[in-house]
Amino acid sequence: MTITLSESEQEALLEFSIQLAKDAGAVILQGSKSIRQELGSGIDSKKNSVDLVTEWDVKVEEIVQDAVRAKYPNFGFIGEESSSKGLRPELTDDPTFCVDPIDGTTNFVHGFPFACISIGVIYQRRPLIGVIFNPFLDQMAGIVLAQESGGFVSGGAHVNHDGDVTEEILYGRKYIVVRTIADTPGESGKEAQKRIVKEFYDTVEDWDPK
């Protein structure tokens, strides 16, 4: 049975996501300190910085996933680390958490204050919530994307630019975001956003790094 969310439930979901990002942020700070101590200790370790980052990436993702499973057991969950290992659940209309546990891993390793955790929620194949928290600077950005900001998110040139989040967009490496545009007598804001995306891809060459 498809899960539906009322407005109050969406607000509660946003508050949960914000607190979850803060809790995970504390672990990120702990991890950054631990890595710098281990790499700078002079102790002969078989682990390099990549191994250590992956270890903490996985740890943060598992903490977030456990919290989501406890609070919202019927929601979907897609994490960057698990997805990179081939665990890619089917995207449905049900609410689905999408998490990048540590965004900015090079900065994370060196303790530079420009790394964050990103928590998103997709609902009915549309972006609903986006929370980005930088624990180093204690800076939080939390918004209800679909209902309040009006931003239009899409992927590469060959996806269907209708505002839906698809597997191709979710697991792809190309994104385009167009901010809110007011309606005009001749064109709605949403139509203008779609037109801008089309004109962009009609103008640029879509380069494939492969």
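In this text, all values refer to a predicted model and were calculated from it rather than measured experimentally.
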Qualifying salt bridge (Lys or Arg N to Asp or Glu O under 4.0 Å) pairs with a residue from residues 113-125, counting only residues at least two apart or across chains = D93-R125

Do D57 side-chain atoms and I102 backbone N/O form a donor-acceptor pair below 3.5 Å?
-> yes

Tell me, which pairs form a salt bridge (Lys or Arg N to Asp or Glu O under 4.0 Å) where one or both residues lie in residues 192-201, sequence neighbours left out?
-> E187-R195, R195-E199, K198-D202

Sidechain-backbone polar pair: E61 side chain, D100 backbone, donor-acceptor under 3.5 Å | no

Salt bridge (Lys or Arg N to Asp or Glu O under 4.0 Å) pairs touching residues 12-34, sequence neighbours excluded, are none

Distance-only, no hydrogens or angles: does the D183 side chain make a donor-acceptor pair with backbone N or O of G189 under 3.5 Å?
-> yes

Could you tell me whether the side chain of N107 and the main chain of F114 form a donor-acceptor pair under 3.5 Å?
-> yes

Side-chain (D94) to main-chain (I3) donor-acceptor, under 3.5 angstrom = yes

Minimal non-hydrogen separation, I119 against F97, with atom names = CG2-CD2, 3.9 Å

If you look only at pairs with a residue in residues 17-36, which of them pass as a ring-ring contact (aromatic ring centres under 6.0 Å, His included), with sequence neighbours excluded?
-> none

So how far is it from F133 CZ to Q139 CD, rounded to the nearest 0.5 Å?
-> 9.0 Å

Do any N or O atoms from the side chain of S188 and from the backbone of E191 form a donor-acceptor pair under 3.5 angstrom?
-> yes

With D66, which residues qualify under salt bridge (Lys or Arg N to Asp or Glu O under 4.0 Å), at least two apart?
-> none

Any residue meeting side chain to side chain donor-acceptor pair (under 3.5 Å) with E62, in chain and number order, not counting sequence neighbours | none

Using the test ring-ring contact (aromatic ring centres under 6.0 Å, His included), find all partners of F136 that sit at least two apart in sequence or belong to another chain.
-> none

Can you list the residues that meet the salt bridge (Lys or Arg N to Asp or Glu O under 4.0 Å) rule with R69, with sequence neighbours excluded?
-> none

With F77, which residues qualify under ring-ring contact (aromatic ring centres under 6.0 Å, His included), at least two apart?
-> none

Residues which pass ring-ring contact (aromatic ring centres under 6.0 Å, His included) with F112, listed by chain and number, not counting sequence neighbours | H110

Salt bridge (Lys or Arg N to Asp or Glu O under 4.0 Å) filter on E7, not counting sequence neighbours, yields none

By side chain to side chain donor-acceptor pair (under 3.5 Å) - contacts of S17 (at least two apart) | none

Polar side-chain atom of Y123 near backbone of T96 as donor-acceptor pair, under 3.5 Å = no

